[in-house]
Amino acid sequence: MASRRPMLVWIPMYPYTKECYLEDFEGNYFKTLLPHCVGIGKECVGLTCGYMVFYGEKTRDFWLINPITRNELHFPAFPGSPGKAILVFSPSMPGSGLVLVVLNRSSYRIWFSLEGKGARNHVSSVNHFLDLHAFKGKIYTLNSNGCLYELRFNPKPKLTLLEIKNLGESRIFHREFVSSGENLYVIQYISEDLFQVQELNFGEMKLVSLEENTIGEYAFFLSIWNHHSVAIKPESWAVDPRSDFKSYDCFCDSTDETQKGRFFKTRMWYFPHLCLDVDLVNE
């Protein structure tokens, strides 16, 4: 799975179907059947660590389903409308240590809960949260006021403001995290098909614009539906992804030379190379 390229996710929007499809670059479809817990009223709201995140419109609970391993995880109801959701492993938590962390779109809160437990907790901000990301043992979040925070669970849940020199120069509402595994980037949507990518340099605590030769090393796969995006070096694929893409309407590879990179966006990508990984949070 580590050598497989990103795949498209197709979930037929019919109340009686249990089918889910993953489509590769060659146009092959891989079908999996969704379990009984994903029934009528459950909507797929995201992807994390290979798990598809299903949310109950009435029950307000979450079911995480891995279409490759078919493993299932259940988390209790959260109030409000769910935004970005990520799964992490916290060794300090009792039991399984698996924690679901969810942005709340209708309030200024981030909710989190331990798998299999009914309890939940939250942290709050005075501004809307834009994105949430686990990177190298830490959880980071961006808010609409151009601030970067680190979220910690212990000894008690809190957000710690990180002073990034040039992050809050303007009020931005279309930013999200993109990780290559090696580095953490902030991508800003300037227009529908124009993006600016900057690296978060934690040594100098500032955003650094990428040089053309650096950003050109990556293919950026952007999921506009759930803001789960990944930057991948395509060298392991033996071919340039541009040459292997078909002309799907949902694909968007900008030809604007000012972008200095390769950007492919669709409603929702599935990343097979991440299907067996859960982000470890060091506390």
Side-chain angles (χ1 to χ4, degrees), residues 7-23 31-88 96 98-125 127-134 139 141-144 151 157 173-174 176 222-229 250 265-271 275 278:
M7 306 173 78
L8 283 174
V9 178
W10 302 102
I11 304 176
M13 300 303 291
Y14 304 110
Y16 52 81
T17 187
K18 290 285 186 179
E19 297 177 354
C20 170
Y21 297 90
L22 300 177
E23 180 186 359
K31 182 176 74 172
T32 184
L33 296 179
L34 299 175
H36 177 73
C37 63
V38 182
I40 298 176
K42 291 288 195 304
E43 177 186 4
C44 183
V45 296
L47 176 77
T48 178
C49 302
Y51 287 87
M52 300 170 66
V53 182
F54 288 88
Y55 175 71
E57 297 177 359
K58 294 183 178 180
T59 58
R60 304 285 184 180
D61 61 341
F62 292 86
W63 281 96
L64 274 60
I65 310 298
N66 190 315
I68 304 298
T69 66
R70 299 188 61 78
N71 191 41
E72 305 172 18
L73 302 173
H74 182 250
F75 294 88
F78 288 76
S81 177
K84 176 75 171 286
I86 63 172
L87 181 68
V88 298
S96 71
L98 292 174
V99 183
L100 183 67
V101 189
V102 184
L103 293 183
N104 193 319
R105 288 177 175 171
S106 57
S107 71
Y108 306 121
R109 295 179 175 179
I110 297 176
W111 292 89
F112 58 92
S113 176
L114 189 67
E115 190 264 332
K117 308 294 181 181
R120 59 176 188 256
N121 209 333
H122 71 272
V123 292
S124 301
S125 171
N127 296 101
H128 282 288
F129 292 104
L130 299 179
D131 201 12
L132 184 71
H133 196 81
I139 301 175
T141 182
L142 281 169
N143 72 9
S144 59
L151 169 63
F173 289 92
H174 299 284
E176 68 171 280
L222 311 178
S223 297
I224 58 176
W225 188 24
N226 63 350
H227 298 288
H228 185 89
S229 303
C250 57
K265 70 176 184 178
T266 187
R267 186 179 184 185
M268 183 175 174
W269 289 107
Y270 187 84
F271 303 104
C275 74
V278 177

Any non-hydrogen side-chain atom of [X] less than 4.5 Å from a side-chain atom of [Y]?
X: Ile68; Y: Tyr270; value: yes
X: Leu222; Y: Ser229; value: yes
X: Glu176; Y: Ser223; value: no
X: Tyr55; Y: Arg60; value: yes
X: Phe75; Y: Val102; value: no
X: Phe112; Y: Ile139; value: no
X: Arg109; Y: Pro79; value: no
X: Leu114; Y: Leu98; value: no

Is the His74-Phe62 ring centre distance short of 6.0 angstrom?
no
Centroid separation under 6.0 Å, is that true for the rings of Phe271 and His228?
yes
Out of curiosity, [X] [atom1] to [Y] [atom2], how far, rounded to the nearest 0.5 Å?
X: Ser144; Y: Asn127; atom1: OG; atom2: CG; answer: 4.5 Å
X: Leu87; Y: Cys49; atom1: CG; atom2: SG; answer: 5.0 Å
X: Thr266; Y: Leu8; atom1: OG1; atom2: CG; answer: 5.0 Å
X: Ile11; Y: Lys42; atom1: CD1; atom2: NZ; answer: 13.5 Å
X: Leu34; Y: Glu72; atom1: CG; atom2: CD; answer: 9.5 Å
X: Leu47; Y: Asn66; atom1: CG; atom2: CG; answer: 9.0 Å

side-chain contact (heavy atoms from CB on, under 4.5 Å) between His122 and Asn104, worked out
CA-CA 10 Å; His122 71 272; Asn104 193 319; over 6 Å; no
Can a donor-acceptor pair be found between the side chains of Glu23 and Tyr21 at a distance below 3.5 Å?
no
Under 3.5 Å side-chain donor-acceptor pair for Asp61 and Thr59:
yes
If I compare all heavy atoms of [X] with all of [Y], which pair ends up nearest, and what's the gap?
X: Arg70; Y: Leu33; result: NH1-O, 2.8 Å
X: Pro67; Y: Gly50; result: CD-O, 3.4 Å
X: Ala85; Y: Val53; result: CB-CG1, 4.3 Å

Measure up the Phe78 and Trp111 rings against each other and bin them: parallel (under 30°), tilted (30 to 60°), perpendicular (over 60°).
perpendicular
Check against side-chain contact (heavy atoms from CB on, under 4.5 Å), Tyr108 and His128:
CA-CA 5 Å; Tyr108 306 121; His128 282 288; 3.4 Å; yes
Using the rule side chain to side chain donor-acceptor pair (under 3.5 Å), only one of Asp131, Thr48, Thr141 pairs with Lys84; which is it?
Asp131
Can you spot which of Ile65, Ile86, Leu73 makes a side chain to side chain contact (heavy atoms under 4.5 Å, CB included) with Tyr51?
Leu73
